[in-house]
Amino acid sequence: MKKNVLIIGAGGVAQVVAHKCAQNADVLGELHIASRTKSKCEAIIASVRAKGHDCAFTAYAVDATQIPEVAQLIRDTGAQIVINVGTAFVNMHVLDACIDTGAAYIDTAIHEEPEKICETPPWYANYEWKRRESCAEKGVTAILGAGFDPGVVNAYARFAIDQMDEVKSIDIVDINAGSHGKYFATNFDPEINFREFTGTVYYWEDQQWKETSMFASGHEWDLPVVGPSKAYQSGHDEVHSLATNYPQADVRFWMGFGDHYINVFTVLKNIGLLSEKPVTTAEGQEVVPLKLVKACLPDPASLAPDYTGKTCIGDLVKGTKDGKDIELFVYNVADHKDAYTEVGSQGISYTAGVPPVAAAMLVATGEWDAKTMKNVEELDPKPFFTLLDRIGLPTRVIKGGLKGEDMAWTDYTG
């Protein structure tokens with residue numbers, strides 16, 4: 001059994017993680033949260049207290065880019081599990097601190113370097129996977145990409161593939177059919193969001209990496225609850241691990257975008273405002289355009305009170321079973337208002353924040369305490385789904401593709 005959790009980060013996803021950890025403190029033990037700004041951590045704890053949770057919960061200030069500082073905080077708190085939901089720029093630093101102290105490590109996205117965008121694939125091989133041997137040598141559990149996408153969708157792929165003799169393709173579809181009421185905003189860190197869409201789109205097809213550009217490849221998906229929705233092929237973390245673990249399958253990621261988002265994004269990109277390279281103003285002041293745009297946009301956490309509508313995220317997996325073609329769509333539908341009522345966050349933060357807590361609970365009980373580095377598809381998905389069902393993100397399966405028979409995953413397996 002592992003006990004006591006340290007949360008790194010104090011954004012919208014961290015708020016969800018904090019609430020869900022507090023709801024399950026009987027399993028997770030004492031709770032701690034740290035970010036560069038301690039007052040943000042204290043505000044999150046206050047929101048947890050407002051929901052009636054009186055578990056042990058303490059806030060700290062930490063510079064997560066400083067490995068010794070993070071390692072000392074882990075030692076001081078006695079945390080045996082670290083949930084890293086800070087910016088993707090700190091992943092490797094926090095991971096190294098966990099390897100140094102022996103604490104289990106869980107994150108929700110791939111590491112990024114500020115000056116590099118959409119590096120050559122596979123992305124995990126550029127950073128996290130270089131620490132796999134160290135994790136194994138020291139018996140440190142590191143679960144990579146344990147949010148929703150990446151994360152739950154990786155488990156969806158594993159679950160579907162386990163029902164097949166052979167997998168042919170994995171198409172991950174992420175549709176947010178909600179409305180935040182703002183002229184323009186991103187649902188998570190604008191800097192990370194824009195970087196994701198300004199570089200080359202890599203996907204795995206015909207057992208090789210292929211390239212396209214953002215918004216060049218679109219498809220209309222008719223999904224449960226949210227209905228017909230236009231989505232575009234995007235580069236995304238989970239494509240890189242799934243392509244490595246299932247090289248025989250085509251692996252693609254599709255994200256929904258409305259015309260308004262595409263128009264604004266295109267203008268910002270074309271005039272250079274999404275560049276990560278510094279520019280100098282006429283007054284001699286050096287600024288990074290992307291950081292300036294981030295500063296001008298709404299904080300994603302501020303969108304929650306007025307957010308309405310639902311999300312639908314799932315995997316369409318095709319393969320064969322007993323010599324016949326088989327299609328499964330494994331998915332979840334979440335509601336923005338329900339998320340706000342429960343934890344004060346919007347649905348995108350909710351879907352990203354609940355899964356790492358489920359992963360932490362499975363590490364705590366030993367079911368996912370792998371004592372080495374794993375991507376989510378390398379772990380048994382069934383206990384993960386059982387917990388997700390219980391704590392807010394139920395899994396459903398449509399047998400026969402998107403027009404087939406819809407049921408709970410427990411009914412499908414039963």
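Given the structure is predicted, the values throughout are model-derived calculations rather than measurements.
Aromatic ring centres of His32 and Phe57 lie farther apart than the 6.0 Å criterion allows. Ring centroid separation for the pair His240 and Trp209 comes in under the 6.0 Å cut-off. You'll find the ring centres of His111 and Tyr124 outside the 6.0 Å limit. Remark: aromatic rings of Trp368 and Phe384 are close, center separation under 6.0 Å.
Each side-chain hydrogen bond (donor to acceptor under 3.5 Å, both in side chains) pair with one or both residues in residues 263-272, not counting sequence neighbours, would appear here, but there are none. Within the structure, the ring-ring contact (aromatic ring centres under 6.0 Å, His included) test picks out the following pairs touching residues 267-319 (sequence neighbours left out): His180-Tyr307, Tyr307-His336.
Remark: side-chain polar atoms of Asp237 are not paired, donor with acceptor, to backbone N or O of Ala109 under 3.5 angstrom. For Gln15 (side chain) and Val343 (main-chain N/O), a donor-acceptor pair under 3.5 Å exists by modelled atom type. In this structure a side-chain-to-backbone donor-acceptor pair under 3.5 Å is present from Arg195 to Pro114. A donor-acceptor contact shorter than 3.5 Å is absent between the side chain of Asp174 and the backbone of Met255. Distance alone, capped at 3.5 Å, places no donor-acceptor pair between the Ser275 side chain and the Gly272 backbone. Of the possible donor and acceptor atoms, one in the side chain of Gln346 sits under 3.5 Å from a partner among the backbone N and O of Ile348. Side chain of Asn176 to backbone of Gly178: a donor-acceptor contact under 3.5 angstrom is found. In terms of modelled atom types and a separation under 3.5 Å, the side chain of Asn245 and the main chain of Ser241 share a donor-acceptor contact.
Among all heavy-atom pairs drawn from Met361 and Arg390, the shortest one is CE-NH2, 3.3 Å. The shortest heavy-atom contact between Lys310 and Asp335 is NZ-OD2, 2.8 Å. Here the closest non-hydrogen pair linking Leu303 and Thr186 is CD1-O, 3.6 Å. Here the closest heavy-atom approach between residue Ala97 and residue Ala71 is recorded as CB-N, 3.7 Å. Counting all heavy atoms, side chain and backbone alike, Gln163 lies closest to Ile326 at O-CD1, 4.4 Å. The shortest heavy-atom contact between Lys130 and Ala125 is CE-O, 3.4 Å.
Residue Glu133 qualifies as open at atom CD: its count of foreign heavy atoms under 6.0 Å is 12 or below. Shown here is Lys182, whose NZ atom has no more than 12 heavy atoms of other residues, nucleotides or ligands within 6.0 Å. Counting heavy-atom neighbours within 6.0 Å of Lys382 NZ, excluding the residue itself, gives a total of 12 or less.
One finds a salt bridge joining Lys403 and Asp222 here, because a Lys/Arg side-chain nitrogen approaches an Asp/Glu carboxylate oxygen to under 4.0 Å. Of the charged side-chain nitrogens involved, none lies within less than 4.0 Å of a carboxylate oxygen, so that Asp250 and Lys168 do not count as a salt-bridged pair. Under the 4.0 Å criterion applied to side-chain N and carboxylate O atoms, Lys230 and Glu220 are not assigned as salt-bridge partners. At a threshold of 4.0 Å, the pair Asp325-Lys321 does not count as salt-bridged, since none of the basic side-chain nitrogens sits closer than that to a carboxylate oxygen. Ionic pairing of Glu191 and Lys291 is present here: one or more N-O contacts between side-chain nitrogen and carboxylate oxygen are shorter than 4.0 angstrom.
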Phe159/Phe385 under ring-ring contact (aromatic ring centres under 6.0 Å, His included): CA gap, chis, key distance, verdict: CA-CA 10 Å; Phe159 174 80; Phe385 292 171; 5.5 Å; yes
ring-ring contact (aromatic ring centres under 6.0 Å, His included) assessment of Phe197 paired with Phe257: CA-CA 11 Å; Phe197 306 137; Phe257 294 94; 5.0 Å; yes
Check against ring-ring contact (aromatic ring centres under 6.0 Å, His included), Tyr350 and Tyr340: CA-CA 9 Å; Tyr350 191 85; Tyr340 181 67; over 10 Å; no
Derivation and outcome, ring-ring contact (aromatic ring centres under 6.0 Å, His included), residues Phe253 and Tyr203: CA-CA 8 Å; Phe253 180 88; Tyr203 61 103; over 10 Å; no
Salt bridge (Lys or Arg N to Asp or Glu O under 4.0 Å) evaluation trace for Asp406 with Lys399: CA-CA 7 Å; Asp406 193 348; Lys399 182 181 179 181; over 6 Å; no
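Looking at Trp204 and Arg252, their side chains never come closer than 4.5 Å, going by heavy atoms from C-beta outward. When side chains are defined from C-beta on, Ile391 counts as touching Asn24, because their heavy atoms get closer than 4.5 Å. Within the 4.5 Å cutoff, no side-chain heavy atoms of Glu238 are placed close to those of Asn375. Proximity of Tyr202 to Trp123: side-chain heavy atoms (C-beta onward) are separated by under 4.5 Å at one or more points. For the pair Val17/Pro356, a side-chain contact is recorded, criterion being any heavy-atom separation below 4.5 Å from C-beta on. Put simply, the side chain of Val288 does not reach to within 4.5 Å of the side chain of Lys277, judged on heavy atoms. The side-chain heavy atoms of Val251 and Tyr246, taken from C-beta on, include no pair separated by under 4.5 Å. A 4.5 Å side-chain heavy-atom check between Leu393 and Thr351 finds at least one atom pair inside the cut-off.
Residues meeting the salt bridge (charged side-chain N to carboxylate O under 4.0 Å, His left out) test with Asp306, sequence neighbours left out: none. Under the side-chain hydrogen bond (donor to acceptor under 3.5 Å, both in side chains) criterion, Tyr232 pairs with no residue at all, not counting sequence neighbours. Every salt bridge (charged side-chain N to carboxylate O under 4.0 Å, His left out) that Glu342 has, sequence neighbours left out, goes to Lys20. With sequence neighbours left out, Ala104 forms a side chain to side chain contact (heavy atoms under 4.5 Å, CB included) with Lys2, Ile81, Thr141, Val363.
One distance of note links CG of Asp107 with CD1 of Ile83; it measures 11.0 Å at 0.5 Å rounding. Annotation: the span from Ile170 atom CD1 to Leu328 atom CG amounts to 12.0 Å, rounded to 0.5 Å.
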